[in-house]
Amino acid sequence: MAKNDLKSRFAGSYFGTIWAFIQPIVTILVYYFVFGIAMRGGAASGDGTPFVLYLVSGIVPWMYFQEGLITGTNSFLEYSYLVKKVVFDISVLPVVKLLSALVIHLFFVAFAMILFACYGYYPNIYYLEILYYMICLFLLILAIVYTTSSVIVFFRDMGQIVSILLQIGVWMTPVMWDLSFLNGYSWGNTVMRILKLNPFYYIVHGYRNAFIEQRWFWEDKLLTVYFWAFLIVCYVFSTWVFNRLKGHFADVL
């Protein structure tokens, strides 16, 4: 189903699924030109890492989070003909969307590895924990999507709300800027503590740990405990919302 979903998204277009890869590449190039060249002159990030590497290591997981959340939110609407079938387990539909987006994400993880190698950052044992953070990312999206996909059936404005929150979230994570820049301000430590409450910060921080910092996830004990506690609470809440509402999906759709 995930394979067919990926193909159907670009059915009828001349280049087909190639568009799924072209758009993210263009997005990365635009962000790098604006924030890496126009505003920085190609300068490195706060720890001396070339900005393009800092940007790519953060934006690759973000693009998967964004794609998975948007498509997963609309999964019950898009597959409404399956939702109406009594014998079909509709709980797999958000998973199908996330697996479909995961194919593209795996391509860009490989792209990031090649780019890092071009700058002299060759694959090492720390790259293994990318798989761990990928699982964390998948579960985080799924935990959120079970709520948003259930609510949007009754409240169609949820799709717009998700899009707006994503526009804010890309700056609050942070993805395009270095959190260490706040160290120069008296209120910097307070803001950093607040930003770290965003569970996606753990994912971006983790990808950068694997690619750049070369740190294991268990070295960030507090962040790891907080993330999994948040994930469990979010999943329990989402499944409760889904189970309460799924009986009415067929009638509304």
Side-chain angles (χ1 to χ4, degrees), residues 1-10 17-32 52-75 78 92-116 126-149 159 162-176 198-212 217 223 227-228 230-231 234-235 238:
M1 288 185 66
K3 180 181 178 181
N4 291 334
D5 180 84
L6 184 61
K7 288 182 177 180
S8 64
R9 286 170 52 192
F10 304 96
T17 54
I18 294 178
W19 287 113
F21 304 97
I22 293 177
Q23 184 176 353
I25 290 175
V26 172
T27 300
I28 292 173
L29 291 175
V30 169
Y31 282 144
Y32 174 60
V52 64
L53 301 183
Y54 185 84
L55 173 65
V56 168
S57 60
I59 203 170
V60 164
W62 174 260
M63 287 190 300
Y64 179 46
F65 180 76
Q66 178 176 262
E67 180 71 13
L69 189 56
I70 291 176
T71 58
T73 296
N74 293 298
S75 58
E78 185 174 339
V92 305
L93 294 177
V95 179
V96 168
K97 286 295 185 181
L98 267 59
L99 290 176
S100 175
L102 183 61
V103 175
I104 303 172
H105 179 62
L106 290 173
F107 168 83
F108 280 100
V109 168
F111 169 80
M113 291 180 179
I114 295 172
L115 184 63
F116 270 80
Y126 293 95
Y127 278 26
L128 293 176
E129 66 178 339
I130 294 176
L131 179 61
Y132 162 76
Y133 286 110
M134 203 177 295
I135 294 172
C136 292
L137 179 54
F138 183 91
L139 294 177
L140 177 62
I141 303 172
L142 189 62
I144 298 173
V145 158
Y146 272 125
T147 294
T148 57
S149 61
V162 167
S163 297
I164 292 174
L165 291 178
L166 285 172
Q167 290 179 17
I168 299 173
V170 72
W171 302 106
M172 296 293 290
T173 302
V175 172
M176 252 84 72
N198 177 359
F200 192 75
Y201 170 82
Y202 178 73
I203 305 295
V204 172
H205 180 67
Y207 271 69
R208 285 174 175 154
N209 276 346
F211 279 117
I212 301 173
F217 66 89
L223 277 177
F227 173 82
W228 283 103
F230 178 91
L231 183 63
C234 186
Y235 182 76
S238 286

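It should be emphasised that the depicted structure is a prediction, and the values quoted were computed from it without experimental measurement.
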Return yes if some donor-acceptor pair links the side-chain N/O of [X] with the main-chain N/O of [Y] below 3.5 Å, else return no.
X      : Y      : answer
Ser57  : Leu53  : yes
Tyr64  : Leu98  : yes
Ser163 : Gly159 : yes

Fit a plane to each ring of Phe65 and Phe200, take the angle between them on a 0 to 90° scale, and name the class: parallel (under 30°), tilted (30 to 60°) or perpendicular (over 60°). tilted
For the pair Phe211 and Phe116, name the ring-plane relationship: parallel under 30°, tilted 30 to 60°, perpendicular over 60°. parallel
Is the count of non-hydrogen atoms from other residues, nucleotides or ligands lying under 6.0 Å from Tyr235 atom OH greater than 12? no
Gap separating the [atom1] atom of [X] from the [atom2] atom of [Y], nearest 0.5 angstrom:
X      : Y      : atom1 : atom2 : answer
Tyr133 : Leu137 : OH    : CG    : 12.0 Å
Phe108 : Met63  : CZ    : CE    : 5.0 Å
Leu223 : Ile203 : CG    : CD1   : 10.5 Å
Tyr132 : Ile135 : OH    : CD1   : 9.0 Å

For Ile168, all residues meeting side chain to side chain contact (heavy atoms under 4.5 Å, CB included), sequence neighbours excluded: Ile164, Met172
With Leu128, which residues qualify under side chain to side chain contact (heavy atoms under 4.5 Å, CB included), at least two apart? Ile125
Considering all heavy atoms, the nearest [X]-[Y] contact:
X      : Y      : result
Glu129 : Phe217 : OE1-N, 3.0 Å
Ser238 : Tyr146 : CB-CB, 3.7 Å
Gly58  : Arg208 : CA-NH2, 3.5 Å
Leu69  : Ile141 : N-CG2, 3.8 Å
Ala210 : Ile130 : CB-CG1, 3.6 Å
Ser75  : Ser149 : OG-CB, 4.0 Å

Is there side-chain contact between Cys136 and Phe227, with heavy atoms separated by less than 4.5 Å? yes
Find out whether Ser100 and Thr71 are in side-chain contact, i.e. whether some heavy atom of one side chain is under 4.5 Å from a heavy atom of the other. no
Leu99 and Leu102: side-chain contact (heavy atoms from CB on, under 4.5 Å), yes or no, with the steps? CA-CA 5 Å; Leu99 290 176; Leu102 183 61; 4.3 Å; yes
Can you list the steps and then say if Val109 with Met134 is a side-chain contact (heavy atoms from CB on, under 4.5 Å)? CA-CA 10 Å; Val109 168; Met134 203 177 295; 4.1 Å; yes
For His205, which of Tyr207, Tyr202, Tyr201 qualifies under ring pair (Phe, Tyr, Trp, His ring centres under 6.0 Å)? Tyr201
Check the pair Phe230, Asn198 against side-chain contact (heavy atoms from CB on, under 4.5 Å), reporting the backbone distance first and the verdict last. CA-CA 10 Å; Phe230 178 91; Asn198 177 359; over 6 Å; no
Given Lys97 and Val145, is the side-chain contact (heavy atoms from CB on, under 4.5 Å) satisfied, shown in steps? CA-CA 10 Å; Lys97 286 295 185 181; Val145 158; over 6 Å; no
